[in-house]
**Q** 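After the structure tokens below, expect a handful of questions from me.
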Number of protein chains: 2
Amino acid sequence: MAGTRRDEILAIAATLFARRGYHGVSVAELGKACGMSGPALYKHFASKEAVLAEMLVGTSEELLQGGRARARGLTPEEALAALVDWHIDFALRHRALIVVQDRDWSSLPDDAREQVRSLQRRYVELWAKQLRAAHPALRPVEARARVHAAFGLLNSTPHSALLPDEAMRATLREMALGALGVRP
Amino acid sequence: MAGTRRDEILAIAATLFARRGYHGVSVAELGKACGMSGPALYKHFASKEAVLAEMLVGTSEELLQGGRARARGLTPEEALAALVDWHIDFALRHRALIVVQDRDWSSLPDDAREQVRSLQRRYVELWAKQLRAAHPALRPVEARARVHAAFGLLNSTPHSALLPDEAMRATLREMALGALGVRP
DNA sequence: CCGACAGGTTAGCGATCATTAACCTCGGGC
DNA sequence: GCCCGAGGTTAATGATCGCTAACCTGTCGG
């Protein structure tokens, strides 16, 4: 189903980009890490930017679609907890993608950047809708600001890998729900 | 007292680095933004890396020293609230520095990177100590993890400038204290 | 058998980068 | 009156980058 070679390259590129930044990784270096050397990558991707684009668009799509699936048919508080769990789960499984997503999105070519921004906007809106349902006094713009701040908290995961995954999951869940004002 | 020209360059560099990343800004471009052209910068700094180093070491020093000053002689809960306020204040006044600090620290030369890491570690420890005093059940590593997560929340400020500063300040304060489990 | 194509290789091109070299030009202490 | 250093300038250098060109090789359907 999935072109395993492309996916393999994408995974390796994600870890390299996460470690040294998109501009800090050369095509030759990325090729070598994939077991080939330099220009062979162009048999799989049209350009270095195309690697980044496919990586980040894919990430945004998976986040949005996963979030939609988990929030369906729940009360607002349950939905927020489910969204938090889903986001933590993704962030722990794909730390490199999370790092690249919010450090290097500005290096995307224009069309991919617009696509990513649109997907992220819809993901924020998904959260904000549940947050406003749980706290009717919140105005839309403030709900969005709170969701962004919660993402900042959850996306800090990869930077500080201090705790084993299970402990980190519980800690982040409790903190995020506390920040969003969802009290059990 | 302060070499105004160097500081001016540092401020301009911060906004450019924040917008397009350290590697995304050329020396020529930075020079032009400072009203001179290209290599004139080397009359003020030894290298492009030295600009980044002075910028980030200065930021880390100011954060640590400000935090120490504000936390002195307070109860743990008061100290945490003061630290949160201080950090928000700094992040709102110097959005660009916050962005560069956690996006481009890996581009630092080795010695400056070590210096920044040491200062940040001490800043984290300052918070963690107060957090453990407020929640004695927390183990040190978990306290540090929570502090990192709180920084992630607070440092998300510059990315989403959705609210006017005063509203943002109040929102972040409430969320951060909620995340840290400091209930009024 | 064979031809074509997927997936590699190395060599090289043009652009851009940080940095240096060489030179200019003023303002102020002697 | 003069020199000298602070703070500019342009030109050039060597490295590195993304990418293309040209070529090779094994596999596999007919």
Side-chain angles (χ1 to χ4, degrees), chain A residues 1-57 100 103-113 116, chain B residues 1-57 100 103-113 116:
Chain A
M1 187 79 71
T4 59
R5 208 66 216 278
R6 283 170 72 92
D7 292 354
E8 190 185 337
I9 293 173
L10 283 171
I12 293 171
T15 74
L16 289 186
F17 291 170
R19 183 147 37 221
R20 299 216 289 284
Y22 172 74
H23 288 295
V25 178
S26 70
V27 171
E29 202 170 355
L30 174 57
K32 176 165 301 184
C34 296
M36 49 185 109
S37 241
L41 287 168
Y42 290 84
K43 302 288 177 174
H44 302 278
F45 292 91
S47 67
K48 189 189 175 192
E49 278 185 341
V51 176
L52 186 67
E54 184 155 329
M55 194 168 96
L56 296 195
V57 170
V100 177
R103 189 221 277 134
D104 290 321
W105 69 270
S106 66
S107 299
L108 285 169
D110 290 352
D111 58 332
R113 183 167 58 243
V116 167
Chain B
M1 185 83 70
T4 57
R5 207 67 218 278
R6 282 171 72 92
D7 293 354
E8 191 185 336
I9 293 172
L10 283 171
I12 294 171
T15 73
L16 289 186
F17 291 169
R19 183 148 36 223
R20 298 214 289 285
Y22 173 73
H23 288 294
V25 178
S26 70
V27 171
E29 202 171 354
L30 174 56
K32 176 164 299 184
C34 296
M36 50 186 107
S37 240
L41 288 168
Y42 289 83
K43 302 289 177 173
H44 301 278
F45 292 91
S47 66
K48 189 189 175 192
E49 278 185 342
V51 177
L52 185 67
E54 183 154 331
M55 194 167 96
L56 296 195
V57 170
V100 178
R103 189 220 276 132
D104 290 321
W105 69 270
S106 67
S107 300
L108 284 170
D110 290 353
D111 59 333
R113 182 168 57 243
V116 167

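Numbered from 1 within each chain, the chains take letters A, B, ... in sequence-line order. Everything numeric in this text was worked out from a predicted model, so none of it was measured.
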**Q** Could you tell me whether the side chain of A/Leu108 reaches within less than 4.5 Å of the side chain of A/Val57, counting heavy atoms only?
**A**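 No, every pair of side-chain atoms sits at 4.5 Å or beyond.
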
**Q** Would you kindly give the CZ-to-P distance between B/Phe45 and D/dG8, to the nearest whole Å?
**A**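 Distance check: B/Phe45 CZ to D/dG8 P gives 12 Å.
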
**Q** Quick one, B/Leu52 and B/Met55 - any side-chain contact, counting heavy atoms below 4.5 Å?
**A** yes

**Q** Identify which nucleotide among D/dT10, D/dC19, C/dA18 has an atom closest to any side-chain atom of B/Tyr42, counting heavy atoms from C-beta outward.
**A**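 Side chain of B/Tyr42 sits closest to C/dA18.
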
**Q** Take the protein atom CE of B/Met36 and the nucleotide atom C1' of D/dG7, then report the distance between them rounded to whole Å.
**A**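 The distance from CE of B/Met36 to C1' of D/dG7 comes to 9 Å, rounded to the nearest Å.
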
**Q** Give a yes or no on whether the backbone of A/Ser106 and the side-chain of A/Tyr22 come within a donor-acceptor separation of less than 3.5 Å.
**A**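 Here the side-chain-to-backbone pair does not exist.
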
**Q** Look at all strands and tell whether A/Val25 reaches a base, only sugar-phosphate, or nothing, counting heavy atoms closer than 4.0 Å.
**A** sugar-phosphate

**Q** Hey, does A/Lys43 reach any base, or is it just sugar-phosphate, or nothing, if we go heavy atoms under 4.0 Å?
**A**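 Base contact.
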
**Q** Would you tell me if any nitrogen or oxygen in the side chain of A/Arg6 comes within less than 4.0 Å of OP1 or OP2 on C/dG7?
**A** no

**Q** Could you tell me how far apart A/Tyr22 (OH) and D/dC17 (C1') are, to the nearest whole angstrom?
**A** 11 Å

**Q** Looking at the side chain of A/Pro39, which of C/dT10, C/dG8, C/dT20 is the nearest nucleotide?
**A**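 The closest nucleotide is C/dT10.
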
**Q** For the CG atom of B/Asp7 and the CD1 atom of B/Ile12, what is their distance to the nearest 0.5 Å?
**A**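 It comes to 11.0 Å.
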
**Q** Expressed as a whole number of angstroms, how long is the span from A/Lys32:NZ to C/dG8:P?
**A** 16 Å

**Q** Identify which nucleotide among C/dT19, C/dG7, D/dG18 has an atom closest to any side-chain atom of A/Val27, counting heavy atoms from C-beta outward.
**A** D/dG18

**Q** Strictly below 4.0 Å: does B/His23 bring a side-chain N or O up to OP1 or OP2 of D/dC17?
**A** no

**Q** For DNA chain C, whose closest nucleotide is more 5', that of A/Gly35 or that of B/Ala28?
**A** A/Gly35

**Q** Please report, rounded to the nearest Å, how far the P atom of D/dT20 is from the NZ atom of A/Lys48.
**A**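 Distance, rounded to whole Å: 15 Å.
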
**Q** Rounding to an integer number of Å, can you tell me how far A/Leu30 CG sits from D/dC17 P?
**A** 12 Å

**Q** A/His44 side chain N/O closer than 4.0 Å to the phosphate oxygens (OP1, OP2) of C/dA6?
**A**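 The answer is no; no side-chain N or O of A/His44 sits under 4.0 Å from OP1 or OP2.
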
**Q** Taking the side chain as every heavy atom from C-beta outward, state whether A/Met36 and A/His44 have any pair of such atoms under 4.5 Å apart.
**A**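 Answer yes - side chains close enough.
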
